[in-house]
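Written below as structure tokens is the structure these notes are about.
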Amino acid sequence: MNQFSEYTILEERHFRLLHLLPRKKTAESEPPMIECKLEVAHLDLPNSFEALSYVWGSPHETRPILLEGHVFHCTKSLHTALSRLVLEDKTRVLWVDAICIDQSDLDERAEQVKHMRYIYQEADAVLSFLGDPFDGIHAAIEYLCAAADDASIHLNPKHEHFISVNNMDASSDQLSEYIVRLFNLPWWKRVWTVQEFCLAKTGTFYCGGHMVPVNKMTQGVANLLQHAATCCMADDLAFGGSYALADSDVELDVCDALLRLEQLQQAAELQPEGPFHSTLLTFRIRLATDPRDKIYGLFGLAPYVSDLVTMDYAAPVERVYEEFTVAYINRRKNVHLLSALGGNRALPNLASFAPDWTIRPSSGWSTDEGWMLTLFNRAINNRAFFNASGGTEARWEYLGPGKARANAFIFDTICVAEPEQINPLLLWETAQEWLKGIHELVKKSTRTDKVTTEEDGNSYTREDHLNFLRALCGDLIHAQDGIEEEPVGDSPERIAMLEDWWTILMSSDLPSNISLNTNDLQRSVYMVSQGRSFVITERGYMGWADNHVRVGDFVAILAGGVAPFILSSVVGPTESGGIEGVSGDNACVRRYRVLGDAYIHGIMQGEAFGLAGREKGDFDELFLV
């Protein structure tokens, strides 16, 4: 879009509104140019307007409109939305970010972004333009609306009453692709649309000539997911298959696609009190033109964190991410945000302790979106079941670009690291051989703190074997009566399930019918192992750590952490490199990179303090880079 020279400077707590003038009647075949005017409004006075939610689209594909009598080039997608919204007989008052904010003024952009929560909360309605229509969109919308109208109707055609549109139902690949395509339109992929949806009083989805109230589509999705989770899903249903769209870089099944709206609805219900790190992790896969907006664009959902950093579009992205990480950790007094670490990183100058929100990591066998969902669920499980730091509080200090000081201590050292090979796309024999190899390594390892008798010596006992099995599944089993996990612990029933599962794994022939218990355990193993390597420590502990882990890396306890973390030492003792407050005898300090959190069986409940001869809360100061 071109610069518009007629913007006036906005005074404090003011914002602009766009007046979309009525369509002019003309005898010409070409539609008349869209005409608009700007109004400056005050945040503290009553205002009546609708807010537009859309994806900007390519800045190189523009269309002209008249703004205050001057030609203004807006993107094609915005022009399409304005053309759809212009009325025949009266002016429509809108808030449109691309026009109402002077995008060439970075200071104004930063100031106006602070008002986004007010704007979308106070708008009479939020109008969401999903993207260009496609063949089949009518069938997809009709199917969702039918699901919304009757919560009792099934999606599986094996039931007497089930949803069918145009002779298509849940067994239809064509309908499945239409629904996936609907939820893969550009609007679902952008980070800004999250808060625009969540803050709305009410809203409408637009796509081509279709209009659907947000509450109706939300109800339809909720009903479909409920049936899918309880009575209607089957292996032979097309809804369970993954669809790779020609113009997309991800594969989705229908339930994955529907979850894109379900996640928005859950976020709307949680704001403004929900944990912001969960919001960041949930919508991490969404895109932003400016990488700073991966954080700024969600601040409207959590006003309690918006003061942690100054919104500055001129600041280096790395500094924004680093300062936010340290400030958020100190505000929350925990390191839950660091559950977003792991995988490959795209910003080479970003400190290891700050999550790289620009990446879309992949485990190699799952879609990026599936990987993100696993990270999110794993973080929830960690917070629900584990407490490696014993409920201590994190106290960090930002020491300048690329440097921070944290209260933590080194507990152990990695001596074995084997990348996982038990994912669903590998041959059964490959996974079995890998597990046998890991089992042999575990049998040879000896816990240095393990009490043995002269009779048993270093023999591999049943207790050792159970610890190995519990480490493999992260000591959690997928609950059969819901979507939650439940701890293995000392439950005889769950221990028996583990031993039966291992017997099946080690059998020469894979059974033709896999039991529900086996599938539940497999799911738990996939959850804890995805993107990780199986590790054994010098003390004889075992578990899972990020795939970048190497022999010689350290297991550390970070204050405020529910799980241990893996740190790698910067090669050799290095000079402090200008770390503030480090001088004299401490001028030569060891610095560490943070690889990510880990599951290390036996130290997930704060045991590391006693095992290391420390009192609870006794931490060192570690320098992170």
Ionic contact status for [Y] with [X], cut-off 4.0 Å:
X	Y	result
Arg593	Asp553	no
Glu440	Lys443	yes
Arg405	Glu397	yes

- Pair Tyr304 and Phe276, ring centroids less than 6.0 Å apart: no

- Message: Just checking Phe353 against Tyr592, ring centres under 6.0 Å apart?
- Response: no

- Query: In this structure, are over 12 heavy atoms from other groups packed under 6.0 Å from Arg395 atom CZ?
  - Reply: no

- Task: Assess whether atom CD of Glu615 is packed by more than 12 heavy atoms of other residues, nucleotides or ligands within 6.0 Å.
- Result: no

- Task: Calculate, to the nearest 0.5 Å, the distance between atoms CG and OG1 belonging to Leu264 and Thr282 respectively.
- Result: 10.0 Å

- Task: Give, for atom CG of Leu399 and atom CZ of Phe623, the distance between the pair rounded to the nearest 0.5 Å.
- Result: 6.5 Å

Candidate list [options], test ring-ring contact (aromatic ring centres under 6.0 Å, His included), partner [X], passing option:
X	options	result
His277	Tyr328, Trp357, Phe324, Phe283	Tyr328
Phe411	Phe554, Tyr541, Phe565	Tyr541
Tyr599	Phe385, Phe534, Phe386, Trp544	Phe386

- Is there a donor-acceptor contact under 3.5 Å linking the side chains of Thr461 and Asp464? yes

- Does a donor on one side chain and an acceptor on the other come within less than 3.5 Å for Tyr398 and Glu322? yes

- Message: Which label fits Phe468 and His465: parallel for a plane angle under 30°, tilted from 30 to 60°, or perpendicular past 60°?
- Response: tilted

- Check the angle between the aromatic planes of Phe619 and Phe409 and answer parallel, tilted or perpendicular using the 30° and 60° thresholds. tilted

- Check the pair Met506, Leu435 against side chain to side chain contact (heavy atoms under 4.5 Å, CB included), reporting the backbone distance first and the verdict last. CA-CA 9 Å; Met506 293 297 103; Leu435 284 166; 4.0 Å; yes

